[in-house]
Amino acid sequence: MCHVIVTCRSMLWTLLSIVVAFAELIAFMSADWLIGTAKGRSGAEPDDRSGGSSEPYHPTLGIYARCIRNPGVQHVPRETLCGPYAENFGEIASGFWQATAIFLAVGIFILCTVALVSVFTMCVQSIMKKSLFNVCGLLQGIAGLFLILGLILYPAGWGCQKAVGYCGHYASAYRPGDCSLGWAFYTAIGGTVLTFICAVFSAQAEIATSSDKVQEEIEEGKNLICLL
């Protein structure tokens, strides 16, 4: 019989695990890792009939995606066009970014798996006599290491030709040149920090769900157990 056990610490760990997985996934898919130098639409006139703005804009560049100003495609109403610049893995601008993509993808896959499993920990707390909280915490720690490796290697690719085109000739490894860092990079860093917090917090969730009070209520035959 399934005993649904809900405690503040286990619920908080579950919510954080889901938030971290989504944050890292969104950051990975975003093009806002580097914000390029301001550019203007070439040949733009004040009375430009295409409706495009002549104000300078900042193109953005991600690990495999980019955002640029709409060059005047009539059937596309948006002013900015975003999408992958690399049609396949080999076309990613830098070998360092290819390694970053691999490490981040592995870390995110682990985090998404843990986020899915965390939902079921309210009903199933162990499998093969192993605590799911402890196993998930260990996996989150491993995922955090993959994320750190990816984030360390990412700036090493700032000297690639693609980045130089966005950030100027002063861009080089670990020097973004005229570019500034976008929200996606900071989100990935924040998500990595939260990943390790989740790994530590999983132990607290395990303690909360295996407390004496929980065991007493299970022995009393209760199927839904909610504790603060």
Side-chain angles (χ1 to χ4, degrees), residues 1-33 62-65 84 89 100-152 154 182-228:
M1 181 179 295
C2 174
H3 298 280
V4 179
I5 302 175
V6 181
T7 68
C8 285
R9 281 177 282 183
S10 63
M11 182 60 70
L12 180 59
W13 172 75
T14 298
L15 292 176
L16 280 178
S17 298
I18 295 172
V19 168
V20 165
F22 273 103
E24 289 289 348
L25 180 60
I26 291 172
F28 178 71
M29 296 174 62
S30 172
D32 292 329
W33 285 71
I63 297 172
Y64 66 91
F89 183 78
T100 294
I102 292 173
F103 284 124
L104 292 185
V106 172
I108 291 170
F109 175 77
I110 295 174
L111 289 179
C112 290
T113 302
V114 171
L116 179 63
V117 172
S118 69
V119 176
F120 295 97
T121 56
M122 291 185 292
C123 186
V124 180
Q125 289 77 43
S126 63
I127 183 170
M128 297 179 65
K129 297 183 179 180
K130 298 291 185 181
S131 169
L132 281 181
F133 294 103
N134 292 338
V135 172
C136 287
L138 176 61
L139 289 176
Q140 286 175 326
I142 295 173
L145 294 177
F146 278 108
L147 296 177
I148 287 178
L149 289 173
L151 292 174
I152 290 175
Y154 170 69
W183 65 265
F185 181 74
Y186 292 112
T187 299
I189 293 176
T192 302
V193 174
L194 284 178
T195 297
F196 286 104
I197 292 176
C198 285
V200 173
F201 210 75
S202 66
Q204 297 299 316
E206 161 65 16
I207 293 172
T209 55
S210 60
S211 65
D212 292 339
K213 188 172 183 180
V214 170
Q215 298 304 318
E216 289 176 1
E217 297 205 15
I218 290 177
E219 292 174 359
E220 292 175 3
K222 295 182 179 179
N223 294 327
L224 177 61
I225 303 169
C226 299
L227 299 175
L228 295 178

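Numbers here simply count residues along the sequence, with the first being 1.
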Apply the side-chain contact (heavy atoms from CB on, under 4.5 Å) test between Glu24 and each candidate in Thr187, Leu194, Ile108, Val19; give the one that qualifies. Ile108
For Gly150 and Thr100 the tightest heavy-atom approach is O-OG1, 3.1 Å
Residues forming a side-chain contact (heavy atoms from CB on, under 4.5 Å) with Ala115, sequence neighbours excluded: Ile18, Ala21
For Ser30 against Trp183, the heavy-atom pair lying closest together: OG-CZ2, 3.3 Å
Separation between CG (Leu16) and CZ (Phe201), nearest 0.5 Å, reads 7.0 Å
Applying ring-ring contact (aromatic ring centres under 6.0 Å, His included) to Tyr154 and not counting sequence neighbours gives Trp33, Trp97, Trp158, Phe185
Where do Val117 and Leu139 land on the side-chain contact (heavy atoms from CB on, under 4.5 Å) test, with the steps shown first? CA-CA 11 Å; Val117 172; Leu139 289 176; over 6 Å; no
Atom CZ of Phe22 with >12 non-hydrogen neighbours under 6.0 angstrom: no
Among Ile110, Val106, Thr195, Leu147, which residue satisfies the side-chain contact (heavy atoms from CB on, under 4.5 Å) criterion with Ile142? Ile110
Let me confirm one number: the CG-CZ distance from Leu104 to Phe28, rounded to the nearest 0.5 Å. 6.0 Å
Minimal heavy-atom distance between Ala199 and Gly141, with the atoms involved, is CB-N, 3.9 Å
Shortest non-hydrogen contact from Gly137 to Ser202? CA-OG, 3.2 Å
Ser17 side chain vs Trp13 backbone, donor-acceptor pair below 3.5 Å: yes
To check you understand the geometry: which heavy-atom pair defines the closest contact between Cys198 and Val20, and what is its length? SG-CG2, 4.1 Å
Nearest heavy-atom contact between Thr192 and Gly144 is CG2-O, 4.0 Å
More than 12 heavy atoms of other residues, nucleotides or ligands under 6.0 Å from CZ of Phe146: yes or no? no
